[in-house]
Amino acid sequence: AGVLSIARNEDSTTFDPIKSAQNVDNWVFSNVFDVLVRVDASGTQLVPGLAESWTISEDGLTYTFKLRDAKFSDGAPVTAEDAAYSLIRIRDDKGSLWSDSFKIIDTAIATDPKTLVVKLKGKSVPFLSMMALPNASVLPKKLVEGAAADTFAEKPVGSGAFSVVEWRRGDRIILKKNPNYWDAGKVSLDGVEWLVIPDDNTRMLKIQAGEVDAAITVPFSRVAELKTNPALKVISDPSTREDHMLINHEHGALAKKEVREALDLAIDKKAIVEAATFNLGEVAYSYVPKGSLYHYADNLQRPYDPEKAKKLLADAGASGLTLNYVVNAGKETDEQIAVLVQQQLAKAGVNVNLQKVDPSQSWDMLVNGDYDISVMYWTNDILDPDQKTTFVLGHDTNMNYMTRYKNDEVKALVEAARLETDPVKREAMYVTLQKTAKGDVNWIDLYYSPYINVTRGNIEKFHQNPLGRFFLEETVKN
Amino acid sequence: MSAAVSPKRMNRTLVAGLVLLGGFVLAALAAPLIAPYDPIFQDAAARLQPPSWAHPFGTDNFGRDILSRLIFGARVDLQMALIGVFFPLVIGTVIGAIAGYLGGIVDAVLMRLIDIILAFPFLVLMLSIIAILGPGLSSFYIAMALVGWVSYARLIRAQILVLKNADYAVAAVSLGFSRTRVLFRHLLPNSVAGSLVFCMSDAVLVLLSGAAISYLGLGVQPPTAEWGIMVAEGQAFLSQAWWITLFPGLAIVLLAFGFSMIGDALGEAMGVHE
Amino acid sequence: MRRYSFILTRPLQFVPVVFGVSLVTFVLVRMIPGDPARVLLGARATPTAIANIRAQYGLDEPIWLQYLYFLRNLAHGEMGMSIVYKIDVLRLIGTRIEPTFALVLCSVLLSILIAVPLAALAARNQGRPIDHAIRFVSTFGIGFPPFWLGLMLMMLLAVKFPLLPVSGYGDTLGEKLAHLALPSLTIALSLSTVLLRSLRAAMVDWLKSDVATAARARGMPESIVFWRHVLPNSIVPTINLLAVNIGWLIGGTVVIESIFALPGMGQLLVRAIFSRDYMVVQGVAMVFACATVLVNFLADIATVAADPRVKL
Amino acid sequence: MSAALLSVRDLSVAVNGAEGPRTLLDHVSLDLSPGEILGLVGESGSGKSLLCRTLLQLLPSRALSVTGGTAMMGGRDLLALDEAQMQQVRGAEIGMIFQNPSSHLDPVMRVGEQIAEGLRFHRRLDRAAAKAEAIALMGQVGFTDPPRQFGAYPHEFSGGMRQRAMIAVALACDPKILIADEPTTALDVTIQAQILRLLMELRESRGLSIILITHDLGVVAQTCDRVAVMRQGQVVEVGEKRALLAHPRHSYTRALIASHPSMPVDDEADEVDDVTDPADAADPARVVVLPSRPLVEIDDLDVRFPVAGGLFGRRRSFSAVAGVSLQIRPGETVGIVGESGSGKSTLARAMLGLTPVSDGHVAFDGLSLRGQPGAALARIRQQAAMVFQDPFNSLNPRLTIGQTLAEVLRVQGKVAPAAIPARVEELLRLVELDPALAGRRPRQLSGGQCQRAGIARALAVDPRLIVADECVAALDVTIQAQIVALFQRLVATMDLTLVFIAHDLAIVRHLCTRVVVMHHGRIVEEGLCAEVFERPREAYTAALIAAIPDIDPDRRLIAPPPALAV
Ligand SMILES: Nc1ncnc2c1ncn2[C@@H]1O[C@H](COP(=O)(O)OP(=O)(O)OP(=O)(O)O)[C@@H](O)[C@H]1O
Ligand SMILES: Nc1ncnc2c1ncn2[C@@H]1O[C@H](COP(=O)(O)OP(=O)(O)OP(=O)(O)O)[C@@H](O)[C@H]1O
Ligand SMILES: [Mg+2]
Ligand SMILES: [Mg+2]
Ligand code: NI
C-alpha cells in the first residue's frame with residue numbers, strides 16, 4: 001500500500017504515446033497504458049499483455065490477436081476496435097513519430113470485439129516485438145477520436161495499472177491505482193508520483209533526506225556513496241545500453257580499416273570503465289548488448305596496445321593523425337570519456353581536438369558528417385536485435401548511424417536476418433554480423449552499463465527491464 | 001564628507017585589493033613555474049585523493065592535481081574577467097557617450113535598443129549566442145560583449161547627459177572646440193569614474209556568468225582548467241570529494257573579493273557609488 | 001497628480017520593446033544550429049519523418065513568413081505550438097509561470113529583509129569593526145556561484161538538519177513557502193549583497209548630509225534621524241538598482257530552478273533552448289521581457305512615490 | 001554681562017588632519033543676552049559656522065575636537081553635556097537655521113512634517129496637534145496658505161520660502177536662542193530683506209536671542225544689536241553695532257565696511273585704485289565717441305525651455321528670455337543686473353550661441369546666427385569668450401590650469417605651438433596668478449584663483465568681447481576688488497568689449513558705463529549707469545536698489561512687498 005514517489009531528471013512531454021520517442025515518456029506510458037504484447041522482466045521474452053494469445057499465419061503476414069477481458073480506467077471495455085484504431089493511428093496520424101516503423105502494417109481489422117487481425121505488407125520477424133512498444137499502446141478510440149487535438153494528451157485514459165490524476169508540468173505526474181486494471185489484484189501501490197528533479201545532486205539528496213521513495217538514473221559517481229547509506233537500496237538492473245565511439249569512415253585516413261583498428265587498440269576501455277563508470281559498467285565488445293537476444297559472447301576483443309596502434313598507424317601512413325572529436329556538452333560521463341580518450345589517443349600519437357557542442361547540435365553534425373569521432377549510446381526500444389542492426393549496419397537512410405560504414409555483404413545479411421523465422425539460423429546470422437562489424441571496426445564498442453536506481457529500504461520489487469520498462473504494478477511499499 | 005580618516009582606510013582597502021589581485025596575476029603568469037603538476041595530466045592511480053603533501057588541494061576524478069589546475073585556471077579566469085569586462089566597457093562607453101552627447105534621434109534609437117537588450121532574458125541571449133557559435137571562451141566573450149555593454153552605455157549616457165550641460169563643457173564649446181574634442185577630451189574622462197567602479201563588480205558577474213554557463217554544460221572546452229567548470233564538474237563528487245569544488249569556489253570568491261575591494265576603494269576615491 | 005501621468009503614457013513605449021524582443025528572439029533561436037524535428041525524433045528518424053515534422057510546424061517556410069504567421073497568431077491570442085510538449089505555448093507557460101514569479105518575489109523580499117538592517121548597522125557604525133565585518137562577509141555573498149551555494153544550503157538545512165524540504169514545490173501556500181525558502185535564500189544571499197553595498201554607501205552619505213545635521217540640530221535622536229530621514233533618502237537610488245537586478249533575476253532563475261527542482265519558466269526555457277523548441281523560447285522570452293519592462297515601470301512608479309522631486 | 005543667556009569662554013577647536021593638528025577656533029569668547037541679536041561677521045573660513053555647530057556639539061567631522069573652553073547656558077556647560085542631554089538642548093533651547101535651506105531640508109519629507117517633527121518629539125504632541133501647531137507657525141513666518149503648504153515638499157518652494165520653512169523648523173520648539181547661519185546669502189536682495197524683517201519681528205514677538213552669521217555688514221547694520229568680527233578662528237573685534245561701524249579698530253573690519261555696496265562710489269574707487277591705475281577707463285566721456293556699428297545686436301530675442309510634465313506629452317514651455325532687444329557697441333562695458341532667475345545667464349549664453357534661440361535674432365559683428373549660423377558661430381568662437389559664474393565648475397576638473405590654457409591656444413591656433421608655454425605663463429601673470437600654479441587642478445585652487453584662471457582662459461582666445469557672468473559673486477571682497485581692477489585695466493588697454501553680469505549693483509555701478517536691468521526675462525530698464533542708479537524709472541529697479549541693506553543703521557531696510565520678489 002502507499003504511494004510511491006519516484007524522482008527522475010526530466011518531465012514527460014506528452015501523454016499521447018504516438019507523439020513521443022523519449023524514454024521519459026515511455027516510463028509513464030507503461031504505467032498508464034497497456035500494450036497487446038509485453039516484454040518480460042528479463043527482457044528476453046514476449047509475454048501476453050492485452051492480447052491473451054496470438055497466432056501468426058504460415059506466410060508470416062497475418063497476425064491474429066485474441067484480446068482478454070480488460071477495461072479502461074473509465075470502465076469502458078477494451079475492444080479489438082480500439083486496438084485496431086490505435087495501430088492504424090500510429091501508422092497514419094500526421095503527428096505520429098512512428099509512422100515509418102509501422103508502415104509495414106497493411107490492415108488492422110477487428111473481426112469481433114475480442115479479435116484483432118493485422119495483415120502486414122511484407123514478412124517481418126521483429127513485428128511482434130514492435131507491438132510491445134509503449135507507443136503502440138491501445139487507446140480508447142472513442143475518447144481519442146472525439147477529443148480536441150491535445151485534450152487527450154493532457155488527461156489520458158488507458159488500461160494500465162495506474163491512471164493519471166494530475167499532471168503538474170515541470171513538477172510531477174500523479175497517478176493512482178486503476179481499479180479497472182485487468183490484473184488489479186496484483187497491484188500493491190495505491191498510486192505513483194513521478195517527480196521532476198533535474199539536478200543529479202538534488203535528486204540524490206532528496207532520497208537521502210527521505211523525501212522520495214525512489215530516485216532513478218543515479219550517476220555512476222554517486223553509487224559508492226549511496227551504498228554506504230543503510231537506509232537506501234541501490235539497484236542495478238541489466239540494460240541494453242551500449243556506449244560506443246562513432247567513426248566517420250569517410251574522413252581521410254579513417255576510411256582505412258587499419259587506422260580504425262589502431263584507434264580501437266589505442267583506447268583503453270578498461271580505464272574508461274574504471275574512471276567514467278566507476279567499474280559499474282563492463283567493457284563492450286559487440287554492438288548487440290550483453291544479455292540481449294543473440295549477443296555473441298566470444299566476439300573479438302582487441303587489447304589495449306598503444307604501441308601496436310602506433311605501428312599500425314605508421315604502416316597505414318597515418319602517423320600524426322589529428323581527429324576532431326565531437327563531445328556532447330552537459331553530459332557528465334561523455335565529457336569524462338572525452339578527456340580520457342584524448343589522453344589515451346595522445347599516447348598512440350593521435351592528436352584529438354575536443355569540440356564540445358550542445359547535444360541538439362551534435363546530431364546535425366553527425367548527420368552531416370562534420371566529425372571524425374564522437375561517443376554516443378544506444379538502448380534498445382524493442383527486444384528484437386533487428387532494429388539496432390538495421391540502423392547500425394543495414395545501410396538505411398542514416399548512413400549506418402552516421403558512420404558512413406559500407407559493406408554490402410553485411411547489408412544483405414541484415415535484410416535476410418529480418419526475414420528469417422528459424423531462431424537457430426537467425427542467431428547464426430547475427431553472430432556473423434557481430435563478427436564482421438567488429439572486424440571492420442564499424443565503430444568502437446566502449447562499455448555496457450546497467451540501469452542504476454536507488455530506493456528507500458522499505459521499497460521492494462522496484463525493477464526495470466533491459467528495455468527500460470518499470471514494473472510498478474509489482475512494486476511494494478512497506 | 002571628506003572625513004580625514006577615509007583616505008587612509010581607502011588606501012588600505014585599495015592596497016589589500018591590489019595585493020589579492022596581484023597575487024592571482026602573478027600565479028597566472030608564473031603558472032608553469034609554480035604549479036606542481038601538469039594541469040591536464042591524468043594519474044589513474046591518484047584519483048579523488050584528499051588533500052595531502054603530494055597534492056595540497058587533493059586530486060579530481062581523473063587524478064589531476066587540483067592545485068595545479070587552480071593555478072592554471074587563474075590564467076583563464078583572469079582573462080575571462082578582463083576580456084569580459086573590457087569589450088563591454090569600451091563598446092558601452094562609446095555608444096553611451098555618443099547617445100548622450102548627440103541626443104535626438106540617435107539617442108532615441110540607441111535607448112530603445114538598450115531597452116530591448118535589457119528586457120531580453122540574459123540567459124536566452126547568452127545561451128543562444130554560445131549555441132550559435134559553439135561553446136568555448138571566444139563565444140563567451142562575444143556573448144558577454146553583446147549583452148554587457150548595455151550597463152556601461154546607460155551609466156555613461158546618464159553621466160554625459162548631466163555633464164554636457166556642465167559649465168566646463170559649455171565653456172569648451174564656447175572656446176570653439178570641436179564636438180569630438182569636447183566629448184572625448186572633456187566629457188568622457190570626467191564620466192568614466194562610475195563605470196570604472198562598476199567594472200570591478202561586473203568582473204565578478206562575468207566570472208559567475210561563466211560559472212553558470214559551465215553549470216548548464218556550455219562552459220570552456222575540456223580539459224581546460226577553469227574555476228567555474230571545476231566547481232560545476234566537481235559537484236558530482238561533492239560528498240565524496242569536497243575539495244574538488246571547495247578550492248575553485250574559494251578562488252572565485254577571493255578574486256571577487258579583490259575586485260570588490262578595489263571597486264570600493266575606487267568608488268570612495270572618485271566619490272561615486274553604485 | 002501630474003507627476004504620475006507617465007503611468008498612462010509610458011506603456012506605449014513597451015510596445016516597441018516587446019516587439020523588438022520578439023523579433024530578436026525569433027531570428028536568434030533560428031540561427032542556432034540544430035533542428036527541432038531531429039531533436040524530437042532522435043537519431044533513429046528517417047529524413048522523410050523529419051521533413052514531415054518540419055512541415056507540420058511550418059519550419060520549412062521562409063523565416064520572414066514564419067514571423068508573419070507568428071504575429072498573426074499573436075493577434076489571435078495564440079503563440080503557436082510547442083514542438084516538444086505539443087500544446088499551445090501560452091497554456092504551457094501558464095502552467096509554469098507561478099513558481100518563477102513566486103521565487104523572484106520571495107528572493108527580493110528576503111534580500112531586502114537581509115540588506116536593510118545590515119546596511120543600517122554597517123552605516124551607523126561606519127569604520128568600526130562591525131562595518132568591516134558586514135562588508136567582508138557580504139563580499140563572499142557575491143563571489144560564490146549560486147549553484148554551489150544552493151547545494152551547500154541544501155545539504156546543511158535540508159539533509160543534515162532537516163528543517164526545510166530539499167526541493168520541489170508545494171500545493172498549499174505554506175508548503176510553497178517552505179519549498180521556496182532555500183532557493184530564495186540562495187538568491188537573496190547574493191542579491192542582498194548588491195543592495196547592501198549600495199544602501200550602505202547611500203546611508204553613509206546621508207548620515208553626513210546637511211539633512212541629517214539639520215535634524216540633529218533640532219534635537220532629533222539618532223534613531224529618528226536615521227529611520228525618518230536617512231533611510232527614506234537612501235532608498236531612492238537603490239530602487240533602480242533593485243529593478244535592474246530583478247530584471248536580471250527574472251531571466252536568470254534557471255540555475256536555481258533546476259537545482260531546487262522548481263517547476264518554473266527558467267527550466268522550461270533552458271530545456272526549450274536545448275531542444276530548439278522555438279515557440280517556447282519565443283514565448284518565455286516575451287513573458288520575461290514583459291515582466292522586466294513591468295518591473296522597471298513599477299520601479300519608476302516607486303521612485304516617483306519615494307522622491308517627490310522626480311518627474312518622469 | 002552677568003545676565004548673559006549664553007556665555008562662551010575661550011572656546012578652542014582643532015582639527016587633527018593628515019598634515020597634523022590645526023587650530024580652527026582659537027580662544028573664542030562671546031556673550032549673548034536675552035532678546036539680543038548678535039551679528040557674527042567675517043570672511044569665508046573664519047570659523048563662524050564652526051563656532052555655532054560647536055555650541056550644539058555638531059562638529060562636522062570626527063577629526064575635529066573641542067580642545068578647551070566652556071559654553072555656559074542656564075548654568076550648564078553645553079560642551080560637557082552628553083548626547084541625551086544635548087538632544088534636549090538642540091531644537092528646544094537652541095534652534096538653528098542653516099545657510100543653504102535646499103540641502104538642509106529633507107527633500108522627501110513634507111515641509112509641514114519637518115516642522116511638526118520637533119513638536120512631536122520635544123513637546124510630545126500627537127499628530128493632529130503637531131500639525132495644527134505647525135500650520136500656525138507657518139502662518140507666523142509668512143507662508144501665504146499654510147494648510148496647503150503644509151503638504152508641499154521643499155523643492156516646490158522658492159528659495160525664500162524654503163528659508164522661511166527652515167526658520168519655522170527652528171522655531172517649532174520655541175527655543176530661547178536662534179542661530180541663523182548666513183540665512184540670506186543664497187537669496188536675492190529683495191528676499192533677503194524680507195527674511196531679515198521676519199527675524200526682527202520674531203525677536204520682538206518672542207523675545208528670542210539670535211546669533212546671525214553673515215559676511216555682509218549691511219545686514220548687520222540693519223538687524224543686529226552687537227557685532228562680533230571673526231578672522232582666522234579668532235574674534236578680532238566685538239562691540240555695539242553703531243560704535244563698531246563708526247570706529248572700526250581692526251583693519252579687516254575696515255575693509256569690510258569700505259567694500260560695502262551702499263557706500264558712496266568714490267570711497268570704493270579709492271580701494272580699487274590701490275590695485276589699478278587707469279581710473280579713466282570708466283570715464284563717461286569715452287562712451288560718446290564709440291563707433292556706431294554694434295558688435296552684438298539682439299533683436300526681440302526669445303529663449304524658451306520645455307517644462308516637464310503635461311498629460312499625453314503636451315509640452316509646456318517657460319520663457320527664460322522674452323522679447324529682449326539690445327545693442328552692444330565695441331569698447332562698451334555693459335552691466336546686466338536683475339534678481340536671480342531673471343534670465344541674465346540665459347541672455348549671455350544666447351548672445352554667444354551657446355543656447356538655442358527660440359525666436360528673434362542675434363547677430364555678432366554683423367553676422368546673423370540665424371542667417372549664417374556657421375560663419376557667425378565661427379566668428380564668435382574666434383572673437384568672443386565667456387567667463388562663467390561658477391569658478392570650479394567651469395574648469396575641467398581633470399586638466400591642470402596650464403593644460404586648459406594650452407589647449408585653448410592650440411585649438412584657436414593664433415599662437416605658434418612652440419610659443420604656447422610662454423603665452424600660458426604670460427596669461428597667468430596677466431590675471432595675477434603665480435605661473436607656478438599652472439600645474440594645479442581646479443580642486444587644488446581657491447575660488448578666487450579658479451576665477452582668475454577662468455578669466456585667463458577667456459583672454460587666451462584674445463577676444464574682442466568678454467561676457468563675464470557673475471564672476472565675482474562667490475569671492476571675498478578683497479579678491480573682488482582685484483578682479484574688477486583687472487577688468488578695468490583690460491578694457492582700457494586691450495580695446496575690449498565687456499558684458500558684465502552681476503547682482504551686486506555696487507560693482508556694476510563702479511565698473512560699467514551702461515546698465516541693463518532684467519526682470520522675469522525682460523529688460524525693464526536700460527541706460528547709463530549713473531542715471532539709472534540715481535534716478536531709477538522703474539519700481540523694480542528702485543526696489544532692487546532699495547533692498548540693499550544699507551550700512552548706515554539709521555537708514556531702515558525697506559523690504560519690498562512680496563509680490564515683487566516672486
Ligand atoms: N570637516 C572639517 N574638517 C577639517 N576642517 C574643517 C572641517 N569643516 C570646517 N573646517 C575648517 O574649519 C574652518 C572654519 O570653517 P567654517 O565653516 O566655520 O567657516 P565659516 O566662517 O562658516 O565660512 P563661510 O563663510 O565660508 O561659511 C575652515 O578653515 C575650514 O577649512
Ligand atoms: N537649461 C534650462 N532648462 C530649463 N530652464 C532653464 C534652463 N536654464 C535656465 N532656466 C531657467 O531660466 C530662468 C532664467 O535663468 P538664468 O540662469 O538665465 O537666470 P539668471 O538671471 O542668470 O539667475 P542667477 O542670478 O541665479 O544666475 C530661470 O528660471 C531658470 O530656472
Ligand atoms: Mg559657514
Ligand atoms: Mg546666472
Ligand atoms: Ni520677481
Side-chain angles (χ1 to χ4, degrees), chain A residues 198-205 208 218-229 268 270-279 304 324-344 346-347 352-362 364-365 370, chain B residues 37-49 59-64 69 123-124 126-140 143 212-226 228-242 244-245:
Chain A
D199 189 86
D200 286 342
N201 281 304
T202 313
R203 208 161 58 250
M204 296 309 129
L205 288 177
Q208 281 168 294
V218 176
F220 299 126
S221 55
R222 239 50 66 86
V223 171
E225 174 209 346
L226 291 172
K227 276 189 174 152
T228 62
N229 187 334
D268 184 357
K270 242 180 115 255
I272 292 175
V273 165
E274 258 171 50
T277 79
F278 294 77
N279 277 329
Y304 172 53
N324 185 17
Y325 182 161
V326 172
V327 188
N328 279 323
K331 304 243 163 108
E332 187 183 308
T333 314
D334 281 11
E335 290 193 18
Q336 285 171 3
I337 294 174
V339 172
L340 287 165
V341 164
Q342 187 182 39
Q343 174 157 320
Q344 289 169 1
K347 283 196 189 128
V352 171
N353 290 329
L354 298 183
Q355 189 184 2
K356 192 160 93 166
V357 298
D358 127 42
S360 301
Q361 187 185 345
S362 65
D364 270 15
M365 299 183 67
D370 293 335
Chain B
Y37 298 88
D38 176 350
I40 63 168
F41 172 74
Q42 308 170 11
D43 180 359
R47 249 181 238 145
L48 297 177
Q49 300 267 307
T59 63
D60 67 4
N61 54 315
F62 295 105
R64 296 179 295 198
R69 287 181 72 70
L123 233 99
V124 177
M126 215 48 200
L127 287 181
S128 316
I129 294 171
I130 291 182
I132 291 170
L133 302 171
L137 275 176
S138 42
S139 324
F140 177 77
I213 297 293
S214 295
Y215 174 81
L216 294 172
L218 296 180
V220 297
Q221 302 282 2
T224 316
E226 188 270 322
I229 213 161
M230 286 171 76
V231 178
E233 287 179 350
Q235 301 244 18
F237 307 94
L238 201 58
S239 35
Q240 300 158 265
W242 49 266
I244 305 185
T245 51

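All values reported here derive from a predicted model rather than from experimental measurement. Residue numbers begin at 1 in each chain, while the letters A, B, ... track the order of the sequences. The figures that follow rest on heavy atoms only: side chains count, while hydrogens, waters and symmetry mates do not.
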Contacting moiety of [X], where chain B heavy atoms sit under 4.5 Å:
X	answer
A/A338	neither
A/D200	neither
A/L205	neither

Answer yes or no: is there a side-chain heavy-atom contact under 4.5 Å between [X] and [Y]?
X	Y	answer
B/E233	A/E332	no
A/F278	B/L48	yes
B/R64	A/V339	yes
A/E274	B/R47	yes

Check [X] against [Y] and note the closest heavy-atom contact, atom names and distance.
X	Y	answer
A/R222	B/Q235	NH1-O, 4.3 Å
A/Q336	B/F237	NE2-CZ, 3.8 Å
B/G217	A/A329	O-CB, 3.1 Å

| Does A/K356 reach the main-chain N or O of B/G136 with its side chain, forming a donor-acceptor pair under 3.5 Å? | no

State whether the side chain of A/D358 and the backbone N or O of B/L218 hold a donor-acceptor pair below 3.5 Å, judged by distance alone. no

Bottom line for B/I40: the part with an atom under 4.5 Å from chain A's heavy atoms is backbone

Turns out that what part of B/I229 lies under 4.5 Å from chain A's heavy atoms comes down to side chain

Could you have a look at [options] and say which one has the most heavy-atom pairs with chain B under 4.5 angstrom?
options	result
A/E225, A/E335, A/K331, A/Q343	A/Q343
A/V327, A/N328, A/L340, A/D199	A/L340
A/M204, A/Q361, A/Q342	A/Q342

